[in-house]
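See below for the structure under consideration.
The figures that follow rest on heavy atoms only: side chains count, while hydrogens, waters and symmetry mates do not.
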Amino acid sequence: QVQLVESGGGSVQAGGSLRLSCIASGNTYTPLYMGWFRQAPGTEREGVAAIEKDGTTRYADSVKGRFTISQDNAKSTLYLQMSNLKPEDSAMYYCAAAFRWYSTGVLTTSAYGYWGQGTQVTVSS
């Protein structure tokens, strides 16, 4: 069983930065891909960024140029560097992992089998 634990969330003013981390444990295999998702109250969970095992990255249009996803396989850790944050970035952020390929795309929730509990990000104007 895979456990994912996020950290690094918090409150920041617009224009500020945060770095989220997600530590994976419980499985000796490297995920085929991992992703960051977010969900604001009353909205559906949406894909923010994803990274494949070979380092290929994907971003939602709303965060391109501001967010950077990276991974340290030696530390089993996934990161999301968020810069120039906006109030609309406020949400609960979740990391997710997949050990098999799904056809729905790496920024869709149905492409992942394992989820963390989330870390809250609040951006004030």
CG/Leu32: more than 12 non-hydrogen atoms of other groups inside 6.0 Å:
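Check passes, neighbour count above 12.
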
Heavy-atom distance under 4.5 Å between the side chains of [X] and [Y], does that happen here?
X     : Y     : result
Leu85 : Leu18 : yes
Glu52 : Arg58 : yes
Ser83 : Gln81 : yes

All pairs passing disulfide (SG to SG under 2.5 Å) where [range] contributes a residue, at least two apart:
range           : answer
residues 9-99   : Cys22-Cys95
residues 96-125 : none
residues 96-125 : none

Under 3.5 Å, side chain of Thr77 to main-chain N/O of Lys75, donor-acceptor pair present?
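A pair under 3.5 Å: yes.
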
Side-chain donor-acceptor pairs under 3.5 Å in residues 116-124, sequence neighbours left out?
unit_1: Thr119; atom_1: OG1; unit_2: Gly9; atom_2: N; d: 3.1
unit_1: Gln120; atom_1: NE2; unit_2: Ala91; atom_2: O; d: 3.4

Working to the nearest 0.5 Å, report the span between [atom1] of [X] and [atom2] of [Y].
X      : Y     : atom1 : atom2 : answer
Thr43  : Met92 : OG1   : CE    : 11.5 Å
Thr56  : Ile51 : OG1   : CD1   : 8.0 Å
Tyr93  : Leu20 : OH    : CG    : 7.5 Å
Met82  : Ile69 : CE    : CD1   : 12.0 Å
Thr108 : Arg45 : OG1   : CZ    : 12.5 Å
Ser7   : Ile23 : OG    : CD1   : 6.0 Å

According to salt bridge (charged side-chain N to carboxylate O under 4.0 Å, His left out), does anything in residues 9-29 pair up with another residue at least two apart or in another chain? List the pairs.
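Every candidate salt bridge (charged side-chain N to carboxylate O under 4.0 Å, His left out) pair involving residues 9-29 fails, so no pair, neighbours aside, qualifies.
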
Applying salt bridge (charged side-chain N to carboxylate O under 4.0 Å, His left out) as the test, list every pair that has at least one member in residues 65-74; sequence neighbours left out.
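Non-adjacent pairs meeting salt bridge (charged side-chain N to carboxylate O under 4.0 Å, His left out): Arg66-Asp89.
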
Cluster partners of Tyr79, using ILVMFWY side-chain heavy atoms under 4.5 angstrom, listed by chain and number?
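Joined to Tyr79, directly or through intermediates: none.
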
So if you build clusters from Ile, Leu, Val, Met, Phe, Trp, Tyr with side-chain heavy-atom gaps below 4.5 Å, do Tyr94 and Val106 land together?
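As far as the 4.5 Å side-chain criterion goes, Val106 and Tyr94 are connected within one cluster.
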
In this structure, would Phe67 and Leu107 fall into the same cluster of hydrophobic residues linked by side-chain contacts under 4.5 Å?
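No, Phe67 and Leu107 fall in different hydrophobic clusters.
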
Who passes side chain to side chain donor-acceptor pair (under 3.5 Å) against Glu46, sequence neighbours left out?
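Arg38.
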
So, using side chain to side chain donor-acceptor pair (under 3.5 Å) as the criterion, who are the partners of Ser17 when residues are at least two apart?
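Ser17 satisfies side chain to side chain donor-acceptor pair (under 3.5 Å) with no other residue.
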
Enumerate the residue pairs fulfilling ring pair (Phe, Tyr, Trp, His ring centres under 6.0 Å) with a member in residues 9-62, sequence neighbours excluded, ordered by first and then second residue.
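Qualifying pairs: Tyr33-Trp101, Tyr33-Tyr112, Phe37-Tyr112, Phe37-Trp115.
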
Under the side-chain contact (heavy atoms from CB on, under 4.5 Å) rule, collect the residues that match up with Ser125, sequence neighbours excluded.
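So Ser125 forms a side-chain contact (heavy atoms from CB on, under 4.5 Å) with Pro87.
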
Contacts of Ser25 that satisfy side-chain contact (heavy atoms from CB on, under 4.5 Å) - sequence neighbours left out:
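Here the qualifying residues are Gln3.
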
Return the minimal non-hydrogen interatomic distance between Ala40 and Ser90, and the atom names on each side.
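Nearest pair, atom of Ala40 first, then Ser90: CB-O, 3.8 Å.
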
